[in-house]
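Scroll down for the structure; my scribbles are underneath it.
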Number of protein chains: 2
Amino acid sequence: MRPSRRDELVSQALKIFYKNGFTATGMDFLVKETGISKTSMYKYFRSKDELILAVLRLRDEQFRNWFFRRAEELSSEPEDEVLAFFDVLKEWFEGEGFQGCMFIKAVAEFQQPDDPIYQQSLQHKKLIEGELFKKIQKTGVGAPESLTQQLMLLMEGAIVLAQMGVSARAAEDARDAARILLASALSATGDKD
Amino acid sequence: MRPSRRDELVSQALKIFYKNGFTATGMDFLVKETGISKTSMYKYFRSKDELILAVLRLRDEQFRNWFFRRAEELSSEPEDEVLAFFDVLKEWFEGEGFQGCMFIKAVAEFQQPDDPIYQQSLQHKKLIEGELFKKIQKTGVGAPESLTQQLMLLMEGAIVLAQMGVSARAAEDARDAARILLASALSATGDKD
DNA sequence: GACAAAATGTACCGATCTGTACACTATCAT
DNA sequence: ATGATAGTGTACAGATCGGTACATTTTGTC
């Protein structure tokens, strides 16, 4: 099954929105860059917002697949994998064209909580959190919820600081912190055993 | 000295941009909301971007003043103050109209690193980092740079997760993590003494 | 009251925005 | 070859965008 013209539009729009922003990118610009006629675009999607939603769906799927698959490749034991998340973050930050998290940026432009774009961005973070939680559970730590939240904080913080160029070592610093927090959580577990 | 019409514009534009976003807010909308004529606006500022820069300057000053002053109020000893930052974050998150960090959102809409709006947002984070570093130094911890970066990660992560509504306890979770990281850094210092 | 400064209202510019109408062409299975 | 399907190009509507021109009114000061 060759990629449909529709899928082509979504994947190209993803790159353009990611680089230029959602509101700042007009439909005419998408036409010029993708070579796909506006008539076709509006046959695939009823509105620009629906195109954005499709882009976010694709991004969510692509990112989660890549992120967790890559973390598994870089590790063997559960505890390694939890820390490997931060190595994957580092790869992401240093990869070509890194411009921050698309969902954080989407929320910055579509701020109303009842906006479907906002909701879908929130859902993405919830899915990440869910997968992270499962991995942390496997380490046998006593309070997986708490550690999950702490590592989520480090990950999101690293994304923001890396995007803004505040810190060039955001992923490494986050990994260092995660190691300490993981050790602390594990030793607290041990105390109770 | 009563507040000039210009200052009024900046402070009102701040609220509106914060709520609605920068690009999504048109100058005509600012006219309608503030009652200040567009002619006057363009006499105070040469362009919308310059108005945005003035808004960001005001926000930077207001926020840093409030944040660090409030942290001092809530604490007595240096170690308390470092943790008090997260109590202040909590107050911010739970305050009326909290909608995330204006500078993170600014960077999401003005992504080019050579854009003055981007640069000013980056500078804001650097100033926060600098003040945090000074406070951490006062605790006598051995590696203040490292702890500063770690706490920055927690703070930025908390802001993002609180804004997106991913976590309702972002500030508390960040405080818990900060306490562990601070203790870890202090004990490492003690080892070397 | 006179005069300058500050602010206003209104109307507009050209460009761009999302979205649509309509006629046309390429593709492909039957 | 025919006819359905998918896609294109162009032109446009109506609104809004950032920004300006110009004449007018308000305000504060001497």
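If you're wondering where the values come from, they're calculated on a predicted model, not measured in any experiment. Lettering of chains follows the sequences in order, A, B, ..., and the numbering in each one begins at 1.
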For [X] and [N], give me the distance from atom [atom1] to atom [atom2], rounded to whole Å.
X	N	atom1	atom2	result
A:Leu30	C:dG19	CG	P	12 Å
A:Leu51	C:dC17	CG	P	15 Å
A:Lys38	C:dT16	NZ	P	13 Å
B:Lys32	C:dG9	NZ	C1'	16 Å
A:Lys48	D:dT16	NZ	P	16 Å
B:Met27	D:dT20	CE	C1'	12 Å
A:Lys43	C:dA23	NZ	C1'	13 Å
A:Met41	D:dA6	CE	C1'	15 Å

Looking at [Y] and [X], is any side-chain nitrogen of the basic one under 4.0 Å from a carboxylate oxygen of the acidic one?
X	Y	result
B:Glu72	B:Arg69	no
B:Lys138	B:Glu81	no
B:Arg64	B:Asp60	yes

Using the closest heavy atom to pick a nucleotide of DNA chain D for each, name whichever of A:Tyr44 or A:Asp28 lands nearer the 5' end.
A:Tyr44

For B:Thr25, answer base if it contacts any base atom (sugar-phosphate contacts may also be present), sugar-phosphate if it contacts only those atoms, and nothing otherwise; contact means non-hydrogen atoms under 4.0 Å.
sugar-phosphate

Answer with yes or no whether the side chains of B:Lys105 and B:Gln163 bring together a donor and an acceptor at under 3.5 Å.
no

Given B:Tyr118 and B:Phe110, is the ring pair (Phe, Tyr, Trp, His ring centres under 6.0 Å) satisfied, shown in steps?
CA-CA 6 Å; B:Tyr118 179 107; B:Phe110 303 90; over 10 Å; no

Considering heavy-atom distances to DNA chain C, does A:Arg46 or A:Phe29 have its closest nucleotide positioned more toward the 5' end?
A:Phe29

Looking at C:dG9, D:dG19, D:dT10, which one has an atom nearest to any side-chain atom of A:Thr39?
D:dT10

Nearest listed nucleotide, side chain of B:Ser40, among D:dT8, C:dT8, C:dG19:
C:dT8

Using a cut-off of less than 4.0 Å, is there contact between a side-chain N or O of B:Arg5 and OP1 or OP2 of D:dT27?
no

Taking only N and O in the side chain of A:Tyr42, is any of them less than 4.0 Å away from OP1 or OP2 of C:dG19?
yes

